[in-house]
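Quick notes on the structure that follows.
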Amino acid sequence: MAKKKSNSRRGVWWWVKRVVLALFLLQLFYIVILKWVYPPVTLTQLSAFFSGDGLKRDYVSGNQISYNMKLAVIASEDQIFPDHGGFDWKSVEKAIKHNEKKPNRVRGASTISQQTAKNVFLWQGRSWVRKGLEIYFTKMIEWIWGKERILEVYLNVIEMGRGIYGAEAAAQAYFGRSAAQLTRKQAAMIASSLPNPKVY
């Protein structure tokens, strides 16, 4: 009887290891593919669609997005984006201190890399599980994609208004022009909505 239980446990453990390995290889393959291909849809986009916000998006390559737009999001969201390895540890420390003093007004410290990882691979919300996965995916895209690709994907998947995703969709919705034609003022206005795009 004890031998049967032992064999049963070994069998279950064998399957668990195989499933975990398969999931790891699948997500690794997906990360590598996304270095060249845009994500077909994200959980955030699906959530917006099913909640009635709609889904306006139009993926474009990085050279079809105005330099003004790239500069505006870096200036507003993550000034040290070109230099960090995915995380801004000084901002994390400041956010922790701020949140201890004012727990009702939580401040985040996510970089563009973290926001890209969250929006492409994960779901919205705050939990330790999601944060742990965000750290993992952030490091992976930093290693596999590089900064230029991270910024390009970010500018295509980030929410920029109710049901509006990406710089091209935002440029068309707000200014009736392509993302490549955005002026400094227009780019700054779009970037200023990013902390809370549904409200701003």
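By convention here, the first residue in the shown sequence is residue 1. FYI, side chains are in, hydrogens and waters are out, and symmetry mates aren't considered; it's all heavy atoms of this structure.
If you take CG on Leu43 and CH2 on Trp123, they are separated by 8.5 Å, rounding to the nearest 0.5 Å. Leu133 contributes atom CG, which lies 9.5 Å from atom CD of Gln27 (distance to the nearest 0.5 angstrom). Thr138 OG1 to Lys131 NZ: the interatomic distance, rounded to the nearest 0.5 Å, is 8.0 Å. Taken from CG in Leu34 to OG1 in Thr116, the straight-line distance is 11.5 Å, to the nearest 0.5 Å. Annotation: the span from Ile112 atom CD1 to Asn119 atom CG amounts to 12.0 Å, rounded to 0.5 Å. Rounding to the nearest 0.5 angstrom, the gap separating the CH2 atom in Trp145 from the CG atom in Leu151 is 12.0 Å.
With hydrogens and angles disregarded, no donor-acceptor distance shorter than 3.5 Å links the side chain of Lys35 to the backbone of Arg149. With hydrogens and angles disregarded, a donor-acceptor distance shorter than 3.5 Å links the side chain of Tyr59 to the backbone of Pro39. Listed for the Ser66 side chain is a donor-acceptor partner under 3.5 Å among the backbone atoms of Leu182. Between the Arg162 side chain and the Asp53 main chain, no donor and acceptor come within less than 3.5 Å of each other. In this structure, Asn156 contributes its side chain and Tyr38 its backbone to no donor-acceptor pair below 3.5 Å.
Following chains of ILVMFWY side-chain contacts shorter than 4.5 Å, one can reach Trp36 starting from Ile65, so the two form part of one hydrophobic cluster. Clustering ILVMFWY residues whenever any of their side-chain heavy atoms sit less than 4.5 angstrom apart, transitively, puts Phe87 in a cluster other than the one holding Trp143. Under the 4.5 Å side-chain heavy-atom criterion for Ile, Leu, Val, Met, Phe, Trp and Tyr, Val129 and Val20 are members of distinct hydrophobic clusters. When the side chains of ILVMFWY residues are joined at heavy-atom separations under 4.5 Å, either directly or via intervening members, Leu28 and Ile150 end up in a single hydrophobic cluster. Cluster annotation: Ile144 and Phe24 are assigned to the same hydrophobic cluster (Ile/Leu/Val/Met/Phe/Trp/Tyr, side-chain heavy-atom contacts under 4.5 Å, transitive).
When the shell of 6.0 Å around CZ of Arg184 is examined, it contains 12 or fewer heavy atoms from other residues, nucleotides or ligands. Heavy atoms from other residues, nucleotides or ligands lying under 6.0 Å from CZ of Phe49 number 12 at most. When the shell of 6.0 Å around CH2 of Trp15 is examined, it contains 12 or fewer heavy atoms from other residues, nucleotides or ligands. Taking a 6.0 Å sphere around CD of Gln79, one finds it holds more than 12 heavy atoms contributed by other residues, nucleotides or ligands. The number of heavy-atom neighbours closer than 6.0 Å to CE of Met189, taken from other residues, nucleotides and ligands shown, is 12 or below.
When all heavy atoms are compared, the tightest approach of Ala173 to Ile164 is CB-CD1, 3.8 Å. Of all the heavy atoms in Tyr154 and Glu77, the pair that sits closest is OH-CG, 3.5 Å. Closest non-hydrogen pair, Arg130 versus Leu122, comes out as O-CD1, 3.8 Å. The two residues Ser113 and Ile141 make their nearest non-hydrogen contact at O-CD1, 3.6 Å. Considering every non-hydrogen atom in both Lys147 and His84, the closest pair reads NZ-O, 2.7 Å. Of all heavy-atom pairs spanning Thr44 and Gln124, the tightest one is OG1-NE2, 2.8 Å.
At a threshold of 4.5 Å between non-hydrogen side-chain atoms, the residues Phe81 and Val73 do not count as touching. The shortest distance between side-chain heavy atoms of Asp58 and Gln172 does not fall below 4.5 Å. Side-chain contact between Asn68 and Gln186: absent, with no pair of heavy atoms (C-beta onward) separated by less than 4.5 Å. Between Asp78 and Ile74 the shortest side-chain heavy-atom distance does not fall below 4.5 Å.
With sequence neighbours left out, Arg177 forms a salt bridge (Lys or Arg N to Asp or Glu O under 4.0 Å) with no residue at all. Taking Val37 as the reference, Ile33 meet the side-chain contact (heavy atoms from CB on, under 4.5 Å) condition, with sequence neighbours excluded. Every residue was checked against the salt bridge (Lys or Arg N to Asp or Glu O under 4.0 Å) condition with Glu168, not counting sequence neighbours, and none meets it.
Using a cut-off of 4.0 Å between Lys/Arg side-chain N and Asp/Glu carboxylate O, Glu152 and Lys70 are scored as not salt-bridged.
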Would Gln45 and Val157 count as a side-chain contact (heavy atoms from CB on, under 4.5 Å) if you check the C-alpha gap in whole Å, the side-chain angles of each, and the deciding distance to 0.1 Å? CA-CA 8 Å; Gln45 291 169 355; Val157 302; 4.3 Å; yes
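Through chains of ILVMFWY side-chain contacts below 4.5 Å, Tyr67 is grouped with Leu71.
Between Glu134 and the options Lys118, Lys139, Gln114, a side chain to side chain donor-acceptor pair (under 3.5 Å) holds for only Gln114.
Applying the ring-ring contact (aromatic ring centres under 6.0 Å, His included) test to pairs two or more places apart or on separate chains, none has a residue in residues 164-199. Listed by first then second residue, pairs satisfying side chain to side chain donor-acceptor pair (under 3.5 Å) with a partner in residues 187-197 number zero, not counting sequence neighbours.
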